[in-house]
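For reference, the structure discussed in these notes is given below.
Treat the numbers as computed from the prediction; the structure is a model and nothing was measured. Within every chain, numbering begins at 1; the chains are lettered A, B, ... in the order of the sequence lines, protein sequences first and strands thereafter.
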Amino acid sequence: KQEVTQIPAALSVPEGENLVLNCSFTDSAIYNLQWFRQDPGKGLTSLLLIQSSQREQTSGRLNASLDKSSGRSTLYIAASQPGDSATYLCAVDSGTYKYIFGTGTRLKVLA
Amino acid sequence: NAGVTQTPKFQVLKTGQSMTLQCAQDMNHEYMSWYRQDPGMGLRLIHYSVGAGITDQGEVPNGYNVSRSTTEDFPLRLLSAAPSQTSVYFCASSYLTPPGQRAGNEQFFGPGTRLTVL
């Protein structure tokens, strides 16, 4: 059974710092992995989707990497800003149409 | 495009009452799904559909029914609400890539329905 873990559960950093969020999964046979952002009381906004054949995806200050063999993905945020404060979630698609989510990392960027 | 829409945004029910949470998308997505989000539990898949007339169970299907009569709509029914169903419910949709092609498509989420069962 696929399990997805995100550590740490919460993170506070000063503005301007580069940071890395982690996502681990137990079954390396995945089709894709997606990173989301969730603001308090809101729905999920897709940030990046990495397909199984890809090693990384970039969008602006965000870079997501995927290492299937080690069961890990990282989301790199460059030059963090207070507006980046949110909960970041990763989700894994193992090809069964059943996406498995991690419990998220709650990020606070201090001005 | 409106994307994925959900109604209502908030709902309070009494134990034993029934209701339907509505979800619609205007992106012609084949795949639609329902999740519930509880503190410390993350999002858990309730039911999903890969096309009109085709539905299947997710991780936590008990107490919920779904149907998919059109591509656009995917309602979630609670037949007899219980306090354990107090949660935030999210609907999502995406294009569908057959598993054999080993590719995937981006999921789009609705704004959620916050349900309280007393």
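At a 4.5 Å heavy-atom cutoff, the contact between A:Lys42 and chain B is made by backbone atoms alone. Neither the backbone nor the side chain of A:Leu33 comes within less than 4.5 Å of any heavy atom in chain B. Only the side chain of B:Glu59 comes within contact range of chain A, with at least one heavy atom under 4.5 Å from a heavy atom of that chain. Proximity to chain A (any heavy atom under 4.5 Å) is restricted, for B:Arg114, to the side chain, taken from C-beta onward. In this structure, the portion of B:Leu45 lying under 4.5 Å from any heavy atom of chain A is its side chain and not its backbone. Heavy atoms closer than 4.5 Å to chain A are found in the side chain of B:Val50, but not in its backbone.
Note that CD of B:Gln107 and CG of A:Asp93 are 8.0 Å apart. Values are rounded to the nearest 0.5 Å. To the nearest 0.5 angstrom, A:Thr87 atom OG1 is 8.0 Å from B:Gln37 atom CD. How far NZ of A:Lys98 is from CZ of B:Arg44: 14.5 Å, rounded to the nearest 0.5 Å.
In this structure, B:Tyr35 has its ring center at least 6.0 angstrom away from the ring center of A:Tyr99.
Cluster membership for A:Leu48 and A:Phe25, using ILVMFWY side-chain heavy atoms within less than 4.5 angstrom, is shared. Both B:Phe74 and B:Met19 are members of a single hydrophobic cluster when ILVMFWY side chains are connected at heavy-atom separations under 4.5 Å. Linking Ile, Leu, Val, Met, Phe, Trp and Tyr residues whenever their side-chain heavy atoms come within less than 4.5 Å places A:Leu21 and A:Val109 in a single cluster. Cluster membership for B:Met32 and A:Leu49, using ILVMFWY side-chain heavy atoms within less than 4.5 angstrom, is not shared. No single ILVMFWY cluster, assembled from side-chain heavy atoms under 4.5 Å apart, contains both B:Val60 and B:Val88.
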